[in-house]
Number of protein chains: 2
Amino acid sequence: MKEFHHHKFCPIRDILSRIGSKWSMLVLVTLDANGTMRFNEIQKSIGDISQRMLTLTVRTLEADGLIKRDVYPEVPPRVEYTLTDRGRSLMPLLKELVRWALDNQEQILEERAKLDVPEEVKE
Amino acid sequence: MKEFHHHKFCPIRDILSRIGSKWSMLVLVTLDANGTMRFNEIQKSIGDISQRMLTLTVRTLEADGLIKRDVYPEVPPRVEYTLTDRGRSLMPLLKELVRWALDNQEQILEERAKLDVPEEVKE
DNA sequence: CTGGATCCCCGGTGATACTG
DNA sequence: CAGTATCACCGGGGATCCAG
């Protein structure tokens, strides 16, 4: 019931290890929105991700079976990335999260702006 | 083509800033499972979170309006944490993520184990 | 074009001690 | 009991250069 935690394969820590990194979700959403993409296309679409971090991120996503990586031995080389079925199965959940953020972030930011909330005295 | 990314209020980065930290999701799920809880109860339930990190985490969650913090000026002091409506509205999505992890993590781990073929010649 | 290899920094996190 | 306050650490992430 509440004993998710801290045994070896806690699903929450598992989730975080896959989509909790700085760029994973952005790469997944980008691929979902645009279909198969090349390395540079992903990088341009995200805009501020370095080559290094994009490489590391797609490697992790590939190792998790969330995306597949197809290498075409041409000159110049071409590498294409596509969501796998497993990756696609995760997208509806991520989209719900994005929706939630869109529905809530404005109000949250407003509340934070007036952080002058005085301490209430509880009964 | 989607331009979620990299402008100031990217919903994905927003989400990650709220639930992407190491302990946020665990605290939310714990509170959801057990209702109102005291500081020490949360800490014991999670097991391996330090006082410092629990404090920082609940402060952030409170600032985001995901949990509320009620202080009762007694001796000894008592502080109770409860999900807010906004926090509760996030829980179904987190539960879906947990479900997804439970449905997929075993297979992912198996695949990773297979890929982890011992390389004799590392050189 | 798609990375690999290095170097380095910073902030999230941990450990410990102290307090109202 | 429920926190602060400090110090230390490590690894995620950034910047840059090099390579097939």
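Naming convention: chains lettered A, B, ... in sequence-line order (proteins, then strands); numbering from 1 in each chain.
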>> With side-chain contact (heavy atoms from CB on, under 4.5 Å) as the criterion, how do A/I49 and A/L26 come out once you've worked through the C-alpha distance, each side chain's angles and the decisive distance to 0.1 Å?
In response: CA-CA 10 Å; A/I49 185 174; A/L26 282 168; over 6 Å; no
>> What I want to find out is whether A/D64 reaches B/R112 closely enough, with some N-O distance under 4.0 Å, to be called a salt bridge.
In response: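 Looking at A/D64 and B/R112, the cut-off is met.
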>> On DNA chain D, compare the nucleotides closest to B/R52 and A/S21; which residue's is nearer the 5' end?
In response: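 The residue mapped nearer the 5' terminus is B/R52.
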In whole angstrom, give the distance that lies between atom [atom1] of [X] and atom [atom2] of [N].
{"X": "B/K22", "N": "C/dG14", "atom1": "NZ", "atom2": "C1'", "result": "8 Å"}
{"X": "A/L56", "N": "C/dG4", "atom1": "CG", "atom2": "C1'", "result": "10 Å"}
{"X": "A/D70", "N": "C/dG3", "atom1": "CG", "atom2": "C1'", "result": "16 Å"}
{"X": "B/M53", "N": "C/dT16", "atom1": "CE", "atom2": "C1'", "result": "16 Å"}
{"X": "A/Q51", "N": "D/dC17", "atom1": "CD", "atom2": "P", "result": "13 Å"}
{"X": "A/F39", "N": "C/dG3", "atom1": "CZ", "atom2": "C1'", "result": "6 Å"}
{"X": "B/E80", "N": "D/dC1", "atom1": "CD", "atom2": "P", "result": "14 Å"}
{"X": "A/Y81", "N": "C/dC1", "atom1": "OH", "atom2": "P", "result": "14 Å"}

>> The side chain of A/R69 is closest to which nucleotide in this list: C/dT2, C/dT13, C/dG3?
In response: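 For the A/R69 side chain, the nearest candidate turns out to be C/dG3.
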> When you measure from the side chain of B/T84 to the backbone N and O of B/G65, does any donor-acceptor pair fall under 3.5 Å?
Replying inline: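 Judged by distance alone, yes, a pair lies under 3.5 Å.
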>> Looking at A/R69, I want to see if its CZ is surrounded by more than 12 non-hydrogen atoms of other residues, nucleotides or ligands under 6.0 Å.
In response: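 Yes, the 6.0 Å shell around CZ holds more than 12 heavy atoms from other groups.
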> Looking at A/R38, does any N or O in its side chain come under 4.0 Å of the phosphate oxygens OP1/OP2 on C/dC1?
Replying inline: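 A/R38 to C/dC1 OP1/OP2: no side-chain N or O under 4.0 Å.
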>> Would you say B/R59 places a side-chain N or O within less than 4.0 Å of OP1 or OP2 belonging to D/dA2?
In response: no
>> For the CG atom of A/L56 and the CG atom of A/L61, what is their distance to the nearest 0.5 Å?
In response: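 These two atoms lie 11.0 Å from each other.
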> A/Y72 near the nucleic acid: base, sugar-phosphate alone, or nothing, with a heavy-atom cut-off under 4.0 Å?
Replying inline: nothing
>> Here's a test of your reading of the structure: between A/P77 and A/T55, which maps to the more 5' nucleotide of DNA chain C?
In response: A/P77
